[in-house]
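Order of the sequence lines fixes the chain letters, A, B, ..., with proteins taken first and strands second; residue numbering starts at 1 for each chain. Every value quoted in this text rests on a predicted model; they were computed, and no experiment measured them.
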Protein chains: 2
Amino acid sequence: MGDRMLERARSAATSAGLPTRAVPPGTAGRILAAGLELFAEKGFSGTSIRDIGARAGINSATLYSHYRSKEHVLAALVLLGHQELHGRLQHALVTARGGPAGKLAALVRAHVLAHAEYAQLALVANAELHILGGEAAAPSLALREQSRQLLLALLDEGVRGGEFTAADPLLAAAAIVGMGRQVAHWYRPNQPYTPEQIADTFSGYALALVGAAEHDREK
Amino acid sequence: MGDRMLERARSAATSAGLPTRAVPPGTAGRILAAGLELFAEKGFSGTSIRDIGARAGINSATLYSHYRSKEHVLAALVLLGHQELHGRLQHALVTARGGPAGKLAALVRAHVLAHAEYAQLALVANAELHILGGEAAAPSLALREQSRQLLLALLDEGVRGGEFTAADPLLAAAAIVGMGRQVAHWYRPNQPYTPEQIADTFSGYALALVGAAEHDREK
DNA sequence: GTCTATACTAGGATAGAC
DNA sequence: GTCTATCCTAGTATAGAC
């Protein structure tokens, strides 16, 4: 318990931040962290190169020794966000126990958890993706589509097997993804709910939404 | 200015997705429509006063004869969006038949419908609200809170009366609002689903989510 | 890698003619 | 109300010294 709590405390400290392992060391990492905060707060277009420099503790010109342009900073963040989410979803599916209901619960739980624990990253990855040109956006769009397919395949499986009654997997997926994504907009670390509580509750909502039988909803 | 220009102004203002009644006639309306499209597409900070002028068919300087600043254009749009949504929610509640389940279905239906039919307006009202200073944002924030209370009161009523089993109305509201809001991000007029289909399906999801009894979910 | 200095562009807003 | 012309600031990015 001690180790897990410690780990959680640590990730909560960097929460609303970047996944630790994905952050480059030194100045490049500080630029990324500064960009994340500022893009989340004021948007990409509302943030200047000088804002980023000030937040990162460097002169704005130094940024160009690490990234080719402001857009390249954004591209790094957006890709990172999509990779983190997709990785978590895959891991959740692989380690989930039980049938479609258990897998769906795990998938939604991971989705919501990611959007709470990395709220800023999710915000930037979702809201500013459209800024990126075609080739810069492509990898993130591909990851997003793959993540979507994980959910759709699961819903189809559940419907075919009779565990789910949802008549329209496409709309069910849109609803499930939507309620999870919005969490990044309102979650704050000092709120009455922990990310885990939200994730568990929302995964129950998802099961109800697809019409999973009551006895399949046990955790 | 001839009738032809007036007609163009009106259709330009309404075709993009502004509630007809709320659009000022003439140039002011075209500016609003241009701002709506551009803010929805590129964001407030990503849109220049010259962009707006070009889209509205006027010189950028002319904008200042109708609005005091670019921010005032945004303020008008954001308020309009929140007013439209709140008005629809109220109307839905007043005209709904049945108990809490029927009211919830009507409320969610109106919420989703608004986010599909006025997707651009919803996008701008939600994504750019934070740009506005305190006094400019206040009326919209107040409307948003009132709308939220409509839903929360309804959920409480349903839980107290035993029609809903949702243990946590706050999280249920967040989920319901979230899935509806996201519709504005993916709805497109040429999609396989009509706004009504989405609204009806999602209102069914909301009922399932709060644990409304099956026999209460009839339309 | 980091800074200072600077080139150059684009942006918000105003003045004044019509 | 609308335009042309313009002011001034702030923005992205580069050059070159250290």
Side-chain angles (χ1 to χ4, degrees), chain A residues 23-78 124 128 130-133 136, chain B residues 1-10 12-13 23-78 124 128 130-133 135-137:
Chain A
V23 181
T27 301
R30 292 218 311 284
I31 291 170
L32 223 48
L36 173 62
E37 291 177 19
L38 290 164
F39 294 163
E41 185 187 335
K42 316 199 298 179
F44 176 78
S45 302
T47 300
S48 78
I49 231 72
R50 288 176 175 86
D51 291 335
I52 300 177
R55 180 72 60 104
I58 56 169
N59 187 283
S60 65
T62 300
L63 187 148
Y64 293 91
S65 296
H66 300 273
Y67 297 92
R68 289 228 306 273
S69 69
K70 189 174 79 157
E71 193 173 324
H72 279 76
V73 178
L74 175 64
L77 287 169
V78 169
V124 170
E128 314 288 356
H130 74 284
I131 298 273
L132 299 177
Chain B
M1 179 193 293
D3 287 344
R4 189 165 274 176
M5 287 273 293
L6 270 173
E7 196 177 322
R8 251 191 65 224
R10 208 163 275 140
V23 181
T27 302
R30 293 218 310 286
I31 291 170
L32 223 49
L36 173 63
E37 290 177 19
L38 290 164
F39 294 163
E41 186 187 334
K42 314 198 300 179
F44 176 78
S45 301
T47 300
S48 78
I49 231 73
R50 288 171 177 84
D51 291 334
I52 301 176
R55 181 71 60 103
I58 57 169
N59 187 284
S60 66
T62 300
L63 187 147
Y64 294 91
S65 295
H66 300 272
Y67 298 91
R68 290 228 305 273
S69 70
K70 189 174 78 158
E71 193 173 326
H72 279 77
V73 178
L74 176 63
L77 287 169
V78 169
V124 171
E128 315 287 356
H130 74 283
I131 297 274
L132 299 177
E135 65 185 300

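Contact annotation for Thr47(A): backbone-only contact, meaning every heavy-atom pair under 4.0 Å involves sugar-phosphate atoms and none involves a base. Across all strands, Ser48(A) comes closer than 4.0 Å only to sugar-phosphate atoms, never to a base (heavy-atom distances).
Residue Lys42(A) contributes atom NZ, which lies 12 Å from atom P of dA10(D) at whole-angstrom precision. Rounded to an integer number of Å, the gap from CD1 of Ile49(A) to C1' of dT9(C) is 15 Å. For the pair Ile58(B) CD1 and dG12(C) C1', the computed distance is 14 Å after rounding to whole Å. In this structure, the CD1 atom of Ile31(B) is 13 Å from the P atom of dA13(C), given to the nearest Å. Between the C1' atom of dA13(C) and the OH atom of Tyr67(B) lies a distance of 17 Å, rounded to the nearest Å.
Comparing Gly46(A) and Arg68(A) along DNA chain D, the residue whose closest nucleotide (by nearest heavy atom) sits nearer the 5' end is Gly46(A).
Proximity of Phe44(B) to Val124(B): side-chain heavy atoms (C-beta onward) are nowhere separated by under 4.5 Å.
The listed nucleotides are dG11(C), dA13(C), dT2(D); the one nearest the side chain of Thr27(B) is dT2(D). If you check dA13(C), dC3(D), dA13(D) against the side chain of Lys70(A), the one that comes closest is dA13(D).
For the pair Leu77(A) and Leu36(A), the tightest heavy-atom approach, listed with the atom from each and the gap, is CD1-N, 3.6 Å. In terms of heavy atoms, Pro24(A) sits closest to Leu32(A) at CD-CD2, 3.7 Å.
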Which side-chain N or O atoms in residues 54-66 of chain A pair as donor and acceptor under 3.5 Å with protein atoms at least two apart or in another chain?
| residue | atom | partner | partner atom | Å |
| --- | --- | --- | --- | --- |
| Arg55(A) | NH1 | Glu37(A) | OE1 | 2.3 |
| Asn59(A) | OD1 | Ala61(A) | N | 2.9 |

What N/O pairs connect the protein and nucleotides 4-8 of chain C at under 3.5 Å? Give each pair on its own line.
| residue | atom | partner | partner atom | Å |
| --- | --- | --- | --- | --- |
| dT4(C) | OP2 | Asn59(A) | ND2 | 3.2 |

